[in-house]
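Let me begin by presenting the structure, written as structure tokens, before commenting on it.
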Amino acid sequence: MEMGFTSAVYVLAAILFILSLGGLSGQESAKRAIWYGIAGMALAISATLLGPGLGLWWLSLVLISAGGLVGYQLASKVGMTQMPELVAGMHTLVGLAAVFVGFNTHFELVNIAYMDDAVKKTLEGFSALLAKKSSIEINILRVETSLGIWIGAVTFTGSLIAYGKLAGKVTSAATKLPGGHFLNAAAAILSVLSMAWYLNSGELLSMIILMIMALFIGYHLIMGIGGADMPVVVSMLNSYSGWAAAAIGFSLGNDLLIVVGALVGSSGAILSYIMCKAMNRSFVSVILGGFGGSSGPQMEIKGNQVAIDADGVATMLNDSENIVIIPGYGMAVAQAQQSVAELARKLRAQGKNVRFAIHPVAGRLPGHMNVLLAEARVPYDIVMEMDEINNDFPDTDVAIVIGSNDIVNPAAQDDPNSPIAGMPVLECWKAKHVFVSKRGEGTGYSGIENPLFFKENTRMFYGDAKESLEKLMPMID
Amino acid sequence: MKIGALKEISLGEKRVALTPDSAIQLQKLGHDCLVESGSGLAAGFSDEQYKAAGVEISTNAEELTKTSDVIVKVLPPSEAEVKKFSSSKILISFFYPGTNEALLEIAKSKDASVIAMDMVPRISRAQKMDALSSMANISGYRAVIEAGNNFGRFFTGQMTAAGKVPPAKVLVVGAGVAGLAAIGTSTSLGAITYAFDVRPEVAEQVESMGAEFVFLDFADEQTDDGSSGGYAAVSSPEFTNAQLSKFREIAPDIDIVITTALIPNREAPELWTSDMVNSMKPGSVIVDLAAEKGGNCKLTVLDERIVTDNGVIIIGYTDFPSRMAAQASTLYASNIRHMISDLTPEKDGVIVHDMEDDVIRGATVAHNGEITFPPPPPKIQAIAAAPKERIPDKTPEEIRANEIAAFKKQTKNQIILLIIGGALMFLVGSYAPASFMQHFIVFILSIFVGFQVIWNVSHSLHTPLMAATNAISSIIILGAILQISSTSSLVIILASISIFFAGINIFGGFIVTRRMLAMFQKS
């Protein structure tokens, strides 16, 4: 087929991808948008397979089908609580593919360099494209290729560690090798040096050093980031996988790769930005790990935590009109989303106004809580964002906090010395009563004491979230 | 430790300091419980119920005093009772150490420890053992019931076939615990309820209970800064005058007045003067909860119900909690139980009398042969929060000005970004070859489109967004497909692996996104 045909299909595919992402602005349009994405991908792959001068297309088809089979198995079985792991795991594959494609470009380049002009003319497809390049274009190609390999390698190990942390296979605490960020800085400098070396010599060794450095940076950077910062990390890796694709697109001269890479890259960047803003932290401080230093002693907390049993909670719920439920990562850990949904259903059946309040960084993935609640068949129109619901708390009879901690910490507003000072939080303490379902006393991941638990209108409902709710359920009538 | 509850010996006292329920809780703390036979009868707890809860019944008060380590009671003990105490005994009851000095001396001479439930500091942590509040709550409730009993009309307004019945108008003076309980009861009975307090900041609480707060036309109103421990302080004469004239103005309209105004360690202030009583309609009722301290109305007779010449009924009972002995005992017993729970930090039945603890120190009036009253001020101050500074609402002009400023700032930012971006593009363009620039323009435009599109994605769909972008970032498969036709076998192998991986990703990503999106349902 003609080159022009391929390009035309690419334009169509790019438009379909843009429509697909744009359609995610609403739950209903999203159901259509996903088909645009699938259609775009199908068009792009078929056009490439049918494109000019392509050999071994049957092998590609077989491999895609095999991959598809594996992907189908994975995606159909995965539980919604494991979604963060799955997303991180899939990023590793994109990262690895980018590294391989990058190296292939290098090998092709080396191959062509040894050919004489007569042979070059007989080349087809990708090699033909390379053969036509001038020396300055080859230099640019080398920069693009090494960038693609570097970003791809960082994405690969970074996602691998993120996957391990999210799946509980690697400790979720922030750990660093001795030397901390100096090691990262050294690795980054070495990367730049080997990139410069490659630019001048085209040596394979320089590329391998570059890759090893990038692999190390990905590993070490993500190891140093704690569990609760994972929403930022996963969005960042999402962004990287896009930039890697874009860099490879440049080196292959393929506009569709560039367009899609840029779309994905900017999408991940925006998500990271939203997550950081929701924690009132700068991107750099999240990536470098740990909380920023506080400027003084934290406010002393007065009072004590008052416990309550299921009976008390049930009585209160039966008497309430306006109820807001605030789920957090603890709900996902306890797999309690079904019980929470069941509770909401029962309360709603009595004509009570039950709503869910979701903080942008609740959970380990942007939008994680929404997906869990959707899985448990909670209608999305009662699931509210922070800004939509924060003003309603004073009129709320009961706020139920299930497995969240920092996102409902009043110290963020009251205590300028708190490590999370200034972070936007759900102001649930303004409700008449607050119940906190929590495994026990003690602070959460961040180690920050939460004055909410000590407030006069707060009652602690200790125990595993799922068990507690199941105990509560029969008492609601 | 053995915890023994003595039978109340004062006439008409029906409450009891230990209930079967509280006994079960105390046993969980590792204590044994005893009760004097017949103690709970007047409050509705039979000896059998106690036995069923594992409580030992003692027929003899003397015996019980001897065998128990901790003696719990409601009212202060009589001198005879205290004399039977020996050293190391702990007495927990109301004690009023300020007026019972002689009793305190005897306790001291006996080496016994006395924890006065009326001395529990009013801090958040100690609320669960604040027996005064529990009792005040009951008094407030009962005051309304008692008033209703004496009031010849409905509380709630009704339209009946026989004609219209106007609702009763109730005024509650003093919005402390008792006052708020009275307000709650009165509004739920359907009366139009007004409430007054010298602390204007309680207006919010009053209004939340459905009553109307009576505001005075007085500039320099008092504030509760918490220094008085959440109680009202003495008012200035000007304030008192303003208050009285307001009451005088509304008195003829009010059917029921419930006064609850008390100031710690002072005689109750006179708030409802005889001329106000005279201006009230016949059949109106006044319940004076401050009767014990002389009454907020000077016509009140202690512990009596009187009718004035113009037919106004004034109730001066002081035993409201005892009139609701079952409820009062339940609450008091759980206050006691919380106190003992704080005294048993390890839950192992061993009492640790920790004089460093603010609450225990505050409530202990005699310990180790010494009188420890009055206590030093608690380390933690008061319940009431510092008055919040009101942020003045912005005027429309200010809001408009802010909007304009924000708009200007946004414009400025955008222009600066455009200039910087343009300069960078120019820089790249002047060095890079044309073939690169073609792709570069596509790249920049795509980022721009991406930013415009992604900002509109709903927050709740962020996870599907990630899964979807994940799937489409596998577009890198195109690169591998192009390379697989290479002549080098190494390239073919690497490309094959890439295609396989990307294939997993494409299918996995799209399927999982579809699964997620299908779950989002509207109610």
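Hydrogens, waters and symmetry mates play no part in the numbers below; they use all other heavy atoms, side chains included. Sequence lines set the chain letters: A, B, ... in the order given, protein chains first and strands last, and positions in each chain run from 1.
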Given that the side chain runs from C-beta out, which part of B:I506 has a heavy atom under 4.5 Å from chain A: side chain, backbone, both or neither? side chain

Residue A:I38 versus chain B: region with a heavy atom under 4.5 Å: both

Minimum heavy-atom separation for B:G479 and A:L252, please, with both atom names. CA-CD1, 3.1 Å

Taken to the nearest 0.5 Å, the spacing of B:L490 CG from A:F100 CZ works out to 10.0 Å

Pick whichever of B:S474, B:S496, B:A518 has the most heavy-atom pairs under 4.5 Å with chain A. B:S496

Can you tell me if B:N470 uses its side chain to pair, donor with acceptor, with the backbone of A:V87 under 3.5 Å? yes

Tell me, out of A:S76, A:G242, A:G22, who's got the most heavy-atom pairs with chain B below 4.5 Å. A:S76

Please classify the contact between A:F356 and chain B as side chain, backbone, both or neither, with a heavy-atom cut-off of under 4.5 Å. neither

Looking at B:F440, B:F436, B:W455, which one has more heavy-atom pairs under 4.5 Å with chain A than the rest? B:W455

Given side chains that start at C-beta, do those of A:M41 and B:I475 come closer than 4.5 Å, heavy atoms only? yes

Residue B:L465 versus chain A: region with a heavy atom under 4.5 Å: both

Please look at B:A480 and chain A and tell me whether the side chain, the backbone, both or neither of the residue comes under 4.5 angstrom of a heavy atom of that chain. both

Residue among B:L461, B:I493, B:V449 with most heavy-atom pairs under 4.5 Å to chain A: B:L461

Chain B contact via A:I140 - side chain, backbone, both or neither, heavy atoms under 4.5 Å: side chain

Looking only at atom types and distance, does a side-chain atom of B:T463 sit under 3.5 Å from a main-chain N or O of A:P366, one as donor and one as acceptor? yes

Given B:H462, which of A:I274, A:L24, A:V371, A:L365 fulfils the side chain to side chain contact (heavy atoms under 4.5 Å, CB included) condition? A:I274

With side chains defined as the heavy atoms from C-beta onward, is the minimum distance between A:V383 and B:S460 less than 4.5 Å? no

Are B:M466 and A:M83 close enough that some pair of their side-chain heavy atoms sits under 4.5 Å apart? no

Among B:L445, B:I472, B:I444, B:V453, who wins on heavy-atom pairs under 4.5 Å with chain A? B:I472

Who wins among B:F507, B:F520, B:F500, B:F501 for the most heavy-atom pairs under 4.5 Å with chain A? B:F520

Between B:V457 and A:L21, is there a side-chain heavy-atom distance shorter than 4.5 Å? no

Quick check on B:F448 against chain A: is it the side chain, the backbone, both or neither that has a heavy atom closer than 4.5 Å? neither

Using every non-hydrogen atom in the two residues, find where B:S458 and A:Q27 come nearest and quote the distance to one decimal. OG-NE2, 4.5 Å

Under 4.5 Å to a heavy atom of chain B? For A:V99 that would be neither

Are B:I481 and A:I64 side-chain neighbours, meaning at least one heavy-atom pair lies under 4.5 Å? yes

Between the main-chain N or O of A:I34 and the side-chain N or O of B:R514, is there a donor-acceptor pair closer than 3.5 Å? no

